[in-house]
Amino acid sequence: MNDSSRATGRLGPTRSQLSWFLLFRLVVITLFLGGAILYQLGWRAPHAQTAVDYLFWLVGLSYAQALFSAAVLRKIQHFKVFTQVQITWDLFFVTSLIYLSGGIESIYSFLYILVIISSALLLTRRDSLLVASAASILYGSLLDLQYFGLLPVLPGMYFSDQIDVGTVFYAIFVNVMAFFLTALLSGTLSERLRRSEQALERRQIDYEELENLNRTLLANINSGLLIINPQGRIRLLNAAGSKITGYTLEDVYDRDVREVFPSLGVYEGEFRLVARGEARLGDRYGKVHVIGYDSTYLRDRDERILGLLVTFQDLSHVKLMEEQLKRADRLAAVGRLASGMAHEIRNPLASISGSVQLLMEAGNVSDDDKRLMRIVVREADRLSRLLTDFLLYARPNSPVPEQVDVAALLDELSQLLMADGRFSAIEIHKEYEGEVWLDLDRQQFRQALWNLVINGAEAMGGRGAIYLGAQAGGLIWVEDSGPGIGADLRQKIFEPFFTTKDSGTGLGLATVHAIVTGHGGEIELEQGRKGGAKFVIRLGAG
């Protein structure tokens, strides 16, 4: 379709249609001019050879015009003007053929009808009526001039002068009626054809837009989409589903859903509808995701079941947030309990410790009694420290951020560790270069890092290596070469009072978690390079 036809809302001639039109014209020229030549040769009149010569000239001129038009067609853009020029040429061509083949005696007046039909197919109904009018004028003028003897006669040509007015009138009347009836019928049919083509084109455009819309939705929707056929074979997995599972559509296409995603439970020989289901789904890399999913039937317009559509979302982050909220609720409850009982516990402990120390100073206390009293004092002090740690965890002070060079903070920590006898058999490795500036509370983070290295040293039994690292962008890590932490314990390590050590309080890692989250950061446990525990802290850049 060219630009002008789009603007008017009608389909205009295309380059392909005009090419076929030119080819059809060559066929018509060959058939009917050839027929005219044969007819004239078969007519043994004196002027027959002269008429044949003129027809040969007309054949040559027609072929030349057709070749020129075909060459011009490759370069033009205004197809309507080109078509109008071709129709005009055809009108004069048919008129010339009728003139050379005897005028009113010519059998080729019907060729005007082919020209009219061509105009109706390539142009508009209005144009076809104009062509019919032009054909009527040309044919009527030719016959009128012949009747009145005013038709120019080429040298060697002959026209019959035995023509009565009735014959001329009848020929003109019949042909003109045929021209206009052809124009009306072919114009009406071509208009209907154009409207059908326009409707078909709009429908095709709608289908294309719908297909593009569906493709865009499938590619950009945040939920995973899985389509299963009645045999339980996977037929579709969208981009979001590939991101969650790690599989591409090519990886899972036509595979049994029970083989790829056994935990879904949406197909067991037949479809199973699930509403608000949850499952633990392993991806292709072995990572387990908690997903929520629903399933529903796919039906055609006759309500026949074509397959099953499964929509699913990764709930791992939601579950993590739920755990964090639960932990925050427990922390708030513990904090309220701690604020109410702190003095009630500390005061008796101070009284017990002071009273026992006074008794130890008495002169009549045996050595065995003094040993027992020292145990009481030591345990009272341990309970006091435990209460201090508990209060620090339950009611942490709000951080006071400042610009801190984490590299310098880790250097200070390394020096403290080297001076501590518990780290005499432990190698300290620094994995940072230059300054790493972050916004954080120096004292709180020093306490958090200290707790992490103490936890690592105790896990290694006092022997091994600890790696301290930091990067620009808010990344800090502490890694040990110990045995690591089992998968069954990873969800509990940051809970208060959870410990696997005989003498631990279970508040060290819980305090670290509280400090990091208080800074708006995250702490995650990863597997170290030697199988140990690697705690990674992520903060915003300073």
If you compare all heavy atoms of [X] against all heavy atoms of [Y], which two are closest, and at what distance to 0.1 Å?
{"X": "S242", "Y": "L249", "answer": "OG-N, 4.3 Å"}
{"X": "F79", "Y": "L18", "answer": "CB-CD1, 3.9 Å"}
{"X": "G518", "Y": "P399", "answer": "O-CG, 3.5 Å"}
{"X": "A470", "Y": "V406", "answer": "CB-CG1, 4.0 Å"}
{"X": "E524", "Y": "R538", "answer": "OE1-NH1, 3.1 Å"}
{"X": "M460", "Y": "G464", "answer": "SD-CA, 3.8 Å"}

For [X], all residues meeting salt bridge (Lys or Arg N to Asp or Glu O under 4.0 Å), sequence neighbours excluded:
{"X": "R284", "value": "D251"}
{"X": "E435", "value": "none"}
{"X": "E250", "value": "none"}
{"X": "D405", "value": "none"}

Checking side-chain contact (heavy atoms from CB on, under 4.5 Å) for the pair V453/L468: CA distance, chi angles, key distance, verdict?
CA-CA 9 Å; V453 295; L468 304 176; 3.8 Å; yes
Can you list the residues that meet the side chain to side chain donor-acceptor pair (under 3.5 Å) rule with [X], with sequence neighbours excluded?
{"X": "K319", "value": "E278"}
{"X": "T188", "value": "R125"}
{"X": "S316", "value": "D314"}
{"X": "K430", "value": "D411"}

Among residues two or more places apart or on two chains, list those pairs meeting ring pair (Phe, Tyr, Trp, His ring centres under 6.0 Å) that have a residue in residues 283-309.
none
Do Q447 and T511 pair up side chain to side chain, a donor and an acceptor below 3.5 Å, judged on atom types alone?
no
With side chains defined as the heavy atoms from C-beta onward, is the minimum distance between [X] and [Y] less than 4.5 Å?
{"X": "Y267", "Y": "V310", "value": "no"}
{"X": "E427", "Y": "I466", "value": "no"}
{"X": "R446", "Y": "L409", "value": "yes"}
{"X": "V318", "Y": "Q313", "value": "no"}
{"X": "L264", "Y": "L226", "value": "yes"}
{"X": "R192", "Y": "R195", "value": "yes"}
{"X": "L298", "Y": "I228", "value": "no"}
{"X": "F445", "Y": "I537", "value": "yes"}

Validation: residues 471-483 side-chain donor-acceptor distances under 3.5 Å, sequence neighbours left out:
residue	atom	partner	partner atom	Å
W477	NE1	E431	OE1	2.8
E479	OE1	R529	NE	3.3
E479	OE1	R529	NH2	2.9
E479	OE2	R529	N	2.7
E479	OE2	R529	NE	3.1
D480	OD1	G482	N	2.9
D480	OD1	A533	N	3.3
S481	OG	A465	N	2.9
S481	OG	A465	O	3.4

Show, in sequence, the C-alpha distance, side-chain angles and deciding distance for I375 and R378, and conclude whether the side-chain contact (heavy atoms from CB on, under 4.5 Å) test is met.
CA-CA 5 Å; I375 293 174; R378 185 174 66 249; 3.7 Å; yes
For a quick test of your reading: what N or O donor-acceptor pairs under 3.5 Å do the side chains of residues 230-241 make, sequence neighbours left out?
residue	atom	partner	partner atom	Å
Q231	OE1	N229	ND2	3.4
R233	NH1	D254	O	3.0
R235	NH1	D254	OD1	2.7
R235	NH2	D254	OD1	3.3
N238	OD1	L225	N	2.8
N238	OD1	G241	N	2.9
N238	ND2	L218	O	3.3
N238	ND2	S223	O	3.1

Show your reasoning for whether side-chain contact (heavy atoms from CB on, under 4.5 Å) applies to S295 and F271.
CA-CA 9 Å; S295 61; F271 293 138; over 6 Å; no
Under 3.5 Å: donor-acceptor pair, side chain of T296, backbone of L309:
no
Would you check if the side chain of S263 reaches a backbone N or O of A279 as a donor-acceptor pair within less than 3.5 Å?
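No.
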Rounded to the nearest 0.5 Å, how far apart are [atom1] of [X] and [atom2] of [Y]?
{"X": "Q17", "Y": "T83", "atom1": "CD", "atom2": "OG1", "result": "9.0 Å"}
{"X": "L449", "Y": "I454", "atom1": "CG", "atom2": "CD1", "result": "12.0 Å"}
{"X": "K287", "Y": "T245", "atom1": "NZ", "atom2": "OG1", "result": "13.0 Å"}
{"X": "I244", "Y": "N222", "atom1": "CD1", "atom2": "CG", "result": "9.0 Å"}
{"X": "I523", "Y": "L509", "atom1": "CD1", "atom2": "CG", "result": "7.0 Å"}
{"X": "L417", "Y": "I428", "atom1": "CG", "atom2": "CD1", "result": "5.0 Å"}

side-chain contact (heavy atoms from CB on, under 4.5 Å) assessment of T124 paired with E191
CA-CA 7 Å; T124 64; E191 287 291 339; 4.1 Å; yes
Taking salt bridge (charged side-chain N to carboxylate O under 4.0 Å, His left out) as the cut-off, I'd like each qualifying pair that reaches into residues 257-272, sequence neighbours left out, listed once.
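Output for this query lists R255-E259, D256-R258.
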With the threshold set at 4.0 Å, does a side-chain nitrogen-carboxylate oxygen contact exist between R304 and D300?
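Yes, R304 and D300 are salt-bridged.
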Please work out whether the ring planes of F423 and W450 are parallel, tilted or perpendicular, with thresholds of 30° and 60°.
tilted
Around atom CZ of R126, are there more than 12 heavy atoms of other residues, nucleotides or ligands at under 6.0 Å?
no
